[in-house]
Amino acid sequence: MSEQLLTVGKLVNTHGIKGEIKVLAITDFPEERFAKGKRLYLIPGDGTPSFWITVESARFHKNTYIVKLEGFTNINQVEKYKGSTLKVSQDDLVELPDNEYYYHDIIGCNVFTDDNEDKPLGVITEIMSTGANDIWVVKPLSGSDILIPVIDDVVLDVDVSNKKVKIYLMEGLL
């Protein structure tokens, strides 16, 4: 498949006998991603071929979304897809407010300090969500990973188009 896909959920279990599935949302926009008529790309956990599906209905229930898919009418049709991943096309992205970014925009950015904009500190390889704020994991050219808190005092500038992030290196970060 040539277009880039972004993960929005994981099918964790079935729900009832009428073909509904429990989806753990991996998106900031679950109401939009699992809305009636939305198309999702299902990538089975067992390696069988992937395919597009359409949401018939969805509701939030006990930290998961109960999703009914068009064409699936009983538990036997959906049970084999437990552990599957649900994705959307990158064309289906929601416009974000200023100073907010998608993870895929941040991962791969070079990190520079405000006092040395010529030599990168490293590359962002992972983003951890802690609840209070995200943490960017920066892989330097050598040595251990550097953990950068995503707070206004530290992150000074994010230039997604040039894959550059400028930070203030607070005492204790290295």
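The CG atom of L42 lies 7.0 Å from the OG atom of S50; values are rounded to the nearest 0.5 Å. Residue L6 holds its CG atom at 5.0 Å from CD of Q90, rounded to the nearest 0.5 Å. The distance from atom CG of D114 to atom CG of L169, rounded to the nearest 0.5 Å, is 8.0 Å. Rounded to the nearest 0.5 Å, atoms NZ (K82) and CG (D46) are 12.5 Å apart. Interatomic distance, W136 CH2 to T125 OG1, rounded to the nearest 0.5 Å: 12.5 Å. Rounding to the nearest 0.5 Å places CZ of F51 at 11.0 Å from CG of L40.
The hydrophobic cluster containing I146 also contains V111, counting ILVMFWY residues as joined when their side-chain heavy atoms lie under 4.5 angstrom apart, directly or transitively. Note on V160 and V155: same hydrophobic cluster, where clusters join Ile, Leu, Val, Met, Phe, Trp and Tyr whose side-chain heavy atoms are under 4.5 Å apart, directly or indirectly. Two different hydrophobic clusters hold M128 and V158 under the rule that ILVMFWY side chains link at heavy-atom gaps under 4.5 Å. I53 and I75 fall into different hydrophobic clusters, where Ile, Leu, Val, Met, Phe, Trp and Tyr side chains are chained together by heavy-atom contacts under 4.5 Å. When hydrophobic clusters are built by joining Ile, Leu, Val, Met, Phe, Trp and Tyr residues whose side-chain heavy atoms come closer than 4.5 Å, directly or via intermediates, M170 is grouped together with L156.
The heavy-atom pair separating V165 from I124 by the smallest distance is CG2-CD1, 4.1 Å. The two residues P44 and P49 make their nearest non-hydrogen contact at CG-O, 3.6 Å. Residues N133 and I151 share a closest heavy-atom pair of CG-CG2, 3.9 Å. The shortest heavy-atom contact between F34 and A25 is CE1-CB, 3.9 Å. Across all their heavy atoms, V67 and A58 have their closest contact at CG2-CB, 4.1 Å.
Take P120 and apply the side chain to side chain contact (heavy atoms under 4.5 Å, CB included) test, not counting sequence neighbours, and it matches N110, F112. Residues satisfying the side chain to side chain contact (heavy atoms under 4.5 Å, CB included) criterion with K163, sequence neighbours excluded, are C109. Under the rule for a salt bridge (charged side-chain N to carboxylate O under 4.0 Å, His left out), the partners of R59 that lie at least two apart in sequence or sit in another chain are E20. Taking D134 as the reference, Y103, I127, S129, V150 meet the side chain to side chain contact (heavy atoms under 4.5 Å, CB included) condition, with sequence neighbours excluded. Every residue was checked against the salt bridge (charged side-chain N to carboxylate O under 4.0 Å, His left out) condition with K164, not counting sequence neighbours, and none meets it. In this view, T113 and D115 satisfy the side chain to side chain donor-acceptor pair (under 3.5 Å) rule, not counting sequence neighbours. Listed by chain and residue number, T14, I21, F72 satisfy the side chain to side chain contact (heavy atoms under 4.5 Å, CB included) test with V78 (two or more places apart in sequence, or in another chain).
Side-chain contact between D159 and S161 is present, with at least one heavy-atom pair separated by less than 4.5 Å. A heavy-atom distance below 4.5 Å is found between the side chains of I43 and K87.
The environment of D152 atom CG is sparse: at most 12 non-hydrogen atoms of other residues, nucleotides or ligands sit within 6.0 angstrom.
Between K36 and S57, the side chains place no donor N or O within less than 3.5 Å of an acceptor N or O (distance only, hydrogens not considered).
For the ring pair (Phe, Tyr, Trp, His ring centres under 6.0 Å) condition, no pair includes a residue of residues 145-174, sequence neighbours left out. Among pairs with a residue in residues 67-79, those fulfilling side chain to side chain donor-acceptor pair (under 3.5 Å) read T73-Q77, at least two apart in sequence or across chains. Listed by first then second residue, pairs satisfying ring pair (Phe, Tyr, Trp, His ring centres under 6.0 Å) with a partner in residues 10-31 read H15-H61, not counting sequence neighbours.
The hydrophobic cluster around L24 extends to V12, counting ILVMFWY residues whose side-chain heavy atoms fall within less than 4.5 Å of a member.
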(message) Run R33 and V88 through side-chain contact (heavy atoms from CB on, under 4.5 Å) and show every step you take.
(response) CA-CA 8 Å; R33 299 297 180 215; V88 295; 4.0 Å; yes
Show every donor-acceptor pair shorter than 3.5 Å between a side-chain atom in residues 137-144 and any protein atom, with sequence neighbours excluded, or say none if there are none.
none

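In this structure, R39 does not pair ionically with D92, as no charged nitrogen and carboxylate oxygen lie closer than 4.0 Å.
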